[in-house]
Amino acid sequence: KRGFALTVASLLLGTTLTACGGGNVGQAPAPNNGGGSAPQAKEYVVGTDAAYAPFESETEKKEIVGFDIDLLKAVADKAGFKVKFVNTPWEGIFTALQNGERDMLISAITITDDRKKDMDFSDPYFEAKQLIAVSKDSKIAKFDDLKGKKVGVQTGTTGDEVVTKLLGKDSPDIKRFESTPLALKELQNGGVEAVVADNGVVINYVKNNTAQGFKMVDDPAFEKEYYGIAVKKGNTDVLNKVNDGLKKIKSDGTYDKIYEQYFGKKQ
Ligand code: LYS
C-alpha cells in the first residue's frame, strides 16, 4: 500500500510541475483501484490441519477452533487483515502454501532449518517439545526404551523425525499415520506401544481420555521446539504484517490471555 501511495504522490507531483499555471493544480487523479478511500482489509486464506487439539480442531459443526486459531485471529485484528481458515491435511499443507492455494499456515508447525529452505516463518509464538504417550502399565520409562517397540507417529512431523533418528529410517517398527489422532487410536487398539507427538497435544489427549489409561513419558533428550506461522518464501509483505500483529498481542497482554485460556497460567 505504501508503494502505491508513493506512486500517487509522484504522479501528483508530475501533474503539478507540468501543469504549472494551469487550472487543475493539486487535484489528485482518481485512482482506479479505490486507493483514495480507506483501504479494504485484505483477507488471507490460512491452511491448518485441524486434527491437533488444543491447537486446531474441528467441531461437529465443522467450525475450526483452538489456540492457533484464536492467536491468529488476534494477530490479524491488530495488524489489520482478515483471515479465513481452511482445514488442510498435513500431508499436503506445505505444497498448498507453495502453489498459492494458502497465503499462510498455522498448524503447530515447528520451525526447522529444513523447512526454512522452502518457506519463511514468523517469529516463534509457542515453545514445545516431544512427549511420549504409553499405556499406564507400560514399562517404557525413557525415549531409548522405544528401541525394539512399535511406535506410532504422524508422518512428516518432528515426532516422526526423532523416532526415525532413534529407530532408523527403514525401521518396520515405525508406524506412520496421516494424523496424530489416528496414531493415538492405534495406541488404544494396541497396534503400537507408544506414540511420540508434541507435548501440548499428548497432554490434552491423556487428560481428555482418562478411561483409556494412558500416561506420559518425558525425556531430557527431546529438544525445545518453536512454532511459527509459515508464509511462502519471500512473501515479506504478509510476514511483516504477521510479525507486527504478534508483537502487538505479546505486548498488550492478548497473547497471555489466549495462552491461559488453553494452558493455564504460565509458570
Ligand atoms: N510440531 C510438529 C511439527 O511441526 C507437529 C505438527 C503436527 C500438526 N498436525 O512437525
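Reckoned from all heavy atoms, side chains included, excluding hydrogens, waters and symmetry mates. When a ligand or atom number is given, it counts from 1 through the structure's own listing order. The first residue of the sequence shown is numbered 1, and numbering continues consecutively from there.
- Applying the ring-ring contact (aromatic ring centres under 6.0 Å, His included) test to Y52 and every residue at least two apart in sequence or in another chain returns nothing.
- Annotation: G156 places no N or O atom under 3.5 Å from an N or O atom of ligand 1; distance criterion only.
- Between F67 and Y227, the distance from one ring center to the other does not fall under 6.0 angstrom.
- Within a 6.0 Å sphere centred on NZ of K185, heavy atoms belonging to other residues, nucleotides or ligands number 12 at most.
- Atom 6 (C) of ligand 1 has its closest protein heavy atom at A108 O, 3.4 Å.
- Looking at D198 next to ligand 1, an N or O pair under 3.5 Å apart turns up.
- Under 4.0 angstrom from ligand 1, the non-hydrogen atoms of T110 come from both its backbone and its side chain.
- Listed by atom number, the atoms of ligand 1 under 4.0 Å from I109 heavy atoms are 4 (O).
- There is a path of hydrophobic side-chain contacts, each under 4.5 Å, that joins V238 to I229.
- By the 3.5 Å distance cut-off applied to N or O atoms, D49 is counted among the residues near ligand 1.
- Under 4.0 angstrom from ligand 1, there are no non-hydrogen atoms of F55.
- Protein heavy atom closest to atom 8 (C) of ligand 1, with residue, atom name and distance, is S107 O, 3.4 Å.
- Counting heavy-atom neighbours within 6.0 Å of E43 CD, excluding the residue itself, gives a total above 12.
- Among L105, I93, T158, the residue whose heavy atom lies nearest to atom 2 (C) of ligand 1 is T158.
- For the pair L166 and V163, the minimum side-chain heavy-atom distance is 4.5 Å or more.
- Heavy-atom contacts of Y227 reach the following atoms of ligand 1: 1 (N) (cutoff under 4.0 Å).
- Through chains of ILVMFWY side-chain contacts below 4.5 Å, V192 is grouped with L131, L184, L187, V195, V202, I203, Y205, V206, F214, M216.
- Under 4.0 Å from ligand 1, the heavy atoms of Q154 that appear belong solely to its side chain.
- Closest heavy-atom approach to atom 4 (O) of ligand 1 within the set E161, Q130, R115, E56: this belongs to R115.
- With hydrogens and angles left out, the side-chain atoms of Q130 and N199 include no donor and acceptor closer than 3.5 Å.
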